[in-house]
Structures are given as structure tokens and as C-alpha cells.
Amino acid sequence: MVDNIDALVKEYSERPSPKFIARNDIIRELPEPQRFNLVEIITGMRRSGKTFYLFQLMAQLEAAGLPRQQILYFNFSDDRLSPMGLNVMDEVLDAFWRQNPETREGGAYLFLDEVQEVDHWQQFSQRVAENENVTMVITGSSSKLSSEEIATKFRGRSHSHEMLPLSFDEYCRFNGVAIQPGQSTFSPQERTHLEGLFDRYLVEGGFPGIQGLGDEDRIELLQSYVRDVVARDVAERFGREDIRLANQLALYGLRNSACELSVNSLVESLKSQGFKIYWEKANRLVDLLTQAFLFFEVPEFSTTLKPQSTALSKTYAVDPGIAHAVSRANQQDIGKRFETTVYLELRRRMAGRRTESITSYTVPGKEGRKVDFLLGDSLDEQPYELIQVAAEIGSAKTREREVESLAAAMKATRLNRGRIITLRDQERIETEAGTIDVVPAWKWCFRHSMPK
């Protein structure tokens, strides 16, 4: 095995990195190699682009003048490692040190891909980070790299970064459309082109591997992504005898993106289809599917630290395209995929904030007016942004409902501004509670910074 490892490390070191289209950075700055650096962990659903982001980081280092001899890239899902020995990660690193002896003293950047394929990868990563002059970046696509698992294993010695599928501005980049940083003025031709791209994005989504595919191939591939997550990231922890049940629950969550999720109602629905299931089992499956990044839960805003027992969380798919690919024709709802897209963009922008910094909001009172997103958390003295999502507000009934709900929320939260994100509309609405800015989603998605 040692000779094989030496050959593989040499092969990876000499292999040129593939061409890539640059993604927005999710790691703000890589530290210089030294002992006790935090382990940088890139998490996210399979096929989100984590491997190519490693190549992007490596290219940035080489462009800055770092010799390739100081960079190790290794993919632990390589089938040539089979059968995988207990100390395979140590053998890979030792082979790298042998081939580049001066690097061990001078410092190295280690990019270790698909580490979940190796037992005890957490202990290895922490030991090497504490004892070697390295900067370590690792990736994985599994519930083994969930925030819960990382917190348990690393005890504060790691820094996690979530990789989602392409955002809309990255999707434009992949389709040959580059927007200049800070650009706020667009010609009529640019506007209609971007509106059309956004409409396509709501159908195709942002998984890098499906870009440019025809409709049938794209849908088949996205459906296979769902099956792969269930089979590899959920069933191995929940039990393969329940894989059909896990698939059904995964489809339910994706098809009902941007909807409230009641586990009780879910259990009753599955029982009616002949499944043997109870509340605890369904709740555990939902947890595993969210840990595998297939969909996310968004709670209702509360000013107390105690969760509201009666408030239902909403679920959002990891990507609008995957929700479209698994939904039946009579379930297609552009409004839900539109709201999902806005949530995912907010999730990208709120990275690094406290947990539950994105919530839904119900205005206190018997009318129970709802706003899709409130940005803030229960420890803030005052939340700082309210966002309503509506595909269009052209009809008088829709306009009245969305504006009145947002204005009521602004009054309740003492905010004098609110925002409605639409597909096409742009205007400013003055209310007694304050100003509401109506902005088209394609333009809002290019605004990279959130209020501090």
C-alpha cells in the first residue's frame, strides 16, 4: 500500500488543476501555515462545487507565487485506495513529506477532499493541525460533517464554511454574463436579458454539474443527486431497510419548499401511504436530511430563548432547480421556488452571523399578518431588516396584502424601512409605518453586502 500511496501523491502533485469558473469566496482569508491553525472545513451537499473551490484556492496561492511543492491536494474517494488502511491519511501525508522534505519545516497547505471516506479523519486533522506547520482545508459531503458533528469532534478547533450551489450572480458568470462590482444601472437590453436568466435560474438552479444540459438530462441528474444523498448520507446512519421511507420524506421536503413543515401531518400522510412510522422516527429523518444539506429549516422569530412549541418551521430546498426537478407537474409553483431562491441568497449573506439570524415573522395580534423573512435574532435589541417575497404585486389584492403585512411588521418591530422582492417590479411605497422599497430579484441578487 505504501508504494501505491507514494505514486498517488506524486500523481496528484503533478496533475494540472482543471479549468474552473471562479466562485464567490466563502473562506475570507487563508492563514499562513503554522501550528495550531484552525482546520478550515468546507461543508455542503454533494455536487455543490466544493472540490473545484479547492482548485480555486490552490490557483490563488500559485498566482501569488507559492511553489506547488508547498501544496498537497488529495481526494480520499479515489477507488485506488481500496482496501483503505486505518492509517491511510498518515500514509498520504508522510508520502508528501518524503517527496517534499523542505516543506515540512517551511510550511504547507493541505487540501484534503472527501475526508468522510476515512475513519477517524477528525482526530487526524486535529493532530496534524496542532503539531505541523500547515494550513489545512478539508471537504466532505455527509452528515458526518454537519455542524453538530463538527462541534462534537473538534471542540472549537475548526472553522466551518458552507458551500451552496451557484448563487444567481455565479449562475450568470457560468453563462458568460459578468456584472461589474457595484453596477446599479442597466440598459433595457441588459435588464430583459437578466430577467430571462433569472427565470431560467428558477427552473435550472445552481448545481455546477447540470449547467448547459438539456431539460431531460438536467432533471434526471438532479433526481439522481437526491437518491445519492439519501443512499450515502442518510441511510448509512438511519438504516438501509428504511431507504424507501427516507426517499419519500426527502421528496416531501423538496416538493414543499417554502412551506411550513408539521411532523405530525407528515406522519399521518406517510401512514396513509402504508409506511410504518411514528413521530420520533420522522423527526430523526428530517434532522438527517437537513444535516445532509438537502433542505433547511427556518424557525419563527421569538424574543425569548425558549422555542415556541406551537410555531411551525418552514423548510427550504438547497436549490430551486432540484425542487423543480423532483416536483410533479401539478405541484410546480414558481412563487415557492422564488421564495426559496431569496432564502438561499440570504443564507449566503448571513454566513458568520449567530444561528437563527434568518427567521419568519408573524405580527402579534388576531390578524396574524406574516412576513417571509426577518433578519436578526432573539438576542438583538432590535431586528434590522424585514423582507417580503412576492412574484408580482400588480394586482390590487396582492399589493394590498403584501404592503399591509409588511407595514404592520415594520410598526411592530419599530423599523422605518422594509423591502419587497419581486420578479419584475421596482418602486418606492410610502406608508404610515415608513418606506417600502420594491426591488426586482435579479438586481437585488447582485447586492453583495448586508446592513451591519
Side-chain angles (χ1 to χ4, degrees), residues 167-168 191-192 194-203 205 255-260 296 298 300-301 312-317 319-321 323-324 327 331-350 358-363 365 367-376 383-413 415-447 450-451:
S167 63
F168 177 61
R191 186 188 71 246
T192 54
L194 289 167
E195 287 174 348
L197 277 175
F198 192 83
D199 290 346
R200 279 174 46 195
Y201 180 68
L202 294 180
V203 173
R255 289 169 177 170
N256 291 280
S257 185
C259 296
E260 292 181 341
F296 306 99
V298 174
E300 175 78 6
F301 177 80
L312 295 176
S313 296
K314 296 177 76 172
T315 60
Y316 290 94
D319 176 69
H324 179 271
S327 296
Q331 291 179 309
Q332 296 294 345
D333 186 339
I334 190 174
K336 298 301 183 185
R337 284 183 280 113
F338 180 33
E339 186 178 326
T340 297
T341 299
V342 173
Y343 165 72
L344 294 171
E345 181 61 25
L346 289 173
R347 188 176 180 91
R348 293 181 185 94
R349 297 180 184 187
M350 300 299 285
I358 307 173
T359 58
S360 58
Y361 183 72
T362 301
V363 180
E367 293 182 328
R369 298 184 184 276
K370 291 184 177 294
V371 174
D372 294 312
F373 301 112
L374 185 149
L375 307 184
Y384 49 85
E385 188 162 7
L386 287 160
I387 293 178
Q388 194 76 302
V389 183
E392 56 84 24
I393 57 170
S395 70
K397 184 177 180 180
T398 301
R399 183 184 180 90
E400 180 181 5
R401 181 184 68 244
E402 303 296 346
V403 170
E404 287 187 358
S405 295
L406 187 53
M410 290 162 59
K411 185 176 181 180
T413 56
L415 289 171
N416 59 13
R417 296 193 80 90
R419 189 183 306 276
I420 300 177
I421 300 176
T422 69
L423 285 175
R424 307 276 188 266
D425 303 309
Q426 182 167 359
E427 61 175 302
R428 180 163 291 175
I429 302 172
E430 298 296 338
T431 72
E432 290 185 0
T435 301
I436 295 176
D437 293 308
V438 182
V439 59
W442 62 267
K443 181 179 286 188
W444 175 78
C445 283
F446 291 124
R447 187 171 63 89
M450 297 296 291

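- Thr341 has its side chain out of reach of Phe168: every pair of non-hydrogen atoms, C-beta onward, lies at least 4.5 Å apart.
- A pairwise comparison of heavy atoms in Pro320 and Tyr201 identifies CG-O, 3.9 Å as the closest pair.
- Cys445 places a side-chain heavy atom less than 4.5 Å from the side chain of Phe198.
- Using modelled atom types, no side-chain atom of Asp319 and backbone atom of Gly205 make a donor-acceptor pair closer than 3.5 Å.
- Side-chain contact between Tyr343 and Val389 is absent, with no heavy atoms from C-beta onward closer than 4.5 Å.
- Between the Asp425 side chain and the Ile393 main chain, a donor and an acceptor come within less than 3.5 Å of each other.
- Contact annotation: the side chain of Asp372 approaches that of Lys314 to within less than 4.5 Å [non-hydrogen atoms, C-beta and beyond].
- No side-chain donor-acceptor contact under 3.5 Å links Glu400 to the backbone of Ser395.
- Here Asp199 pairs with Arg424 in a salt bridge; the nearest charged N to carboxylate O distance falls below 4.0 Å.
- A distance-only check finds a donor-acceptor pair linking the side chain of Arg337 to the backbone of Leu202 [under 3.5 Å].
- Separation of atoms OG (Ser360) and CD (Glu300) is listed at 4.0 Å; rounding is to 0.5 Å.
- We find that Arg348 and Glu345 are joined by a salt bridge, their nearest charged nitrogen and carboxylate oxygen being less than 4.0 Å apart.
- Considering all non-hydrogen atoms of both residues, Ala433 and Ala407 come closest at CB-O, 3.4 Å.
- Note that CD1 of Ile387 and CG of Asp437 are 11.0 Å apart. Values are rounded to the nearest 0.5 Å.
- Between the CG atom of Leu346 and the CD atom of Glu385 there is a distance of 8.0 Å, given to the nearest 0.5 Å.
- Side-chain contact, Glu392 with Thr422: no donor N or O sits under 3.5 Å from an acceptor N or O.
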How far apart are the C-alpha atoms of Arg399 and Ile429, what are their side-chain angles, what is the distance that settles it, and do they pass the side-chain contact (heavy atoms from CB on, under 4.5 Å) test?
-> CA-CA 11 Å; Arg399 183 184 180 90; Ile429 302 172; 3.5 Å; yes

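- Here the shortest heavy-atom pairing between Gly418 and Leu406 reads C-CD2, 4.0 Å.
- When all heavy atoms of Ile420 and Ala390 are compared, the pair lying nearest together is CG2-CB, 4.5 Å.
- For the atom pair CD1 (Ile436) and CZ (Arg417), the distance works out to 10.0 Å, reported to the nearest 0.5 Å.
- In the displayed structure, Glu430 atom CD is contacted under 6.0 Å by more than 12 heavy atoms of other residues, nucleotides or ligands.
- Of all heavy-atom pairs between Ser405 and Val371, the closest is O-CG2, 3.7 Å.
- Interatomic distance, OH of Tyr316 versus CG of Leu344, reported as 9.5 Å (0.5 Å rounding).
- Inter-residue side-chain proximity for Trp442 and Leu197 is flagged as unmet; no heavy-atom pair is nearer than 4.5 Å.
- For the atom pair Phe446 CZ and Ser167 OG, the distance stands at 8.5 Å (nearest 0.5 Å).
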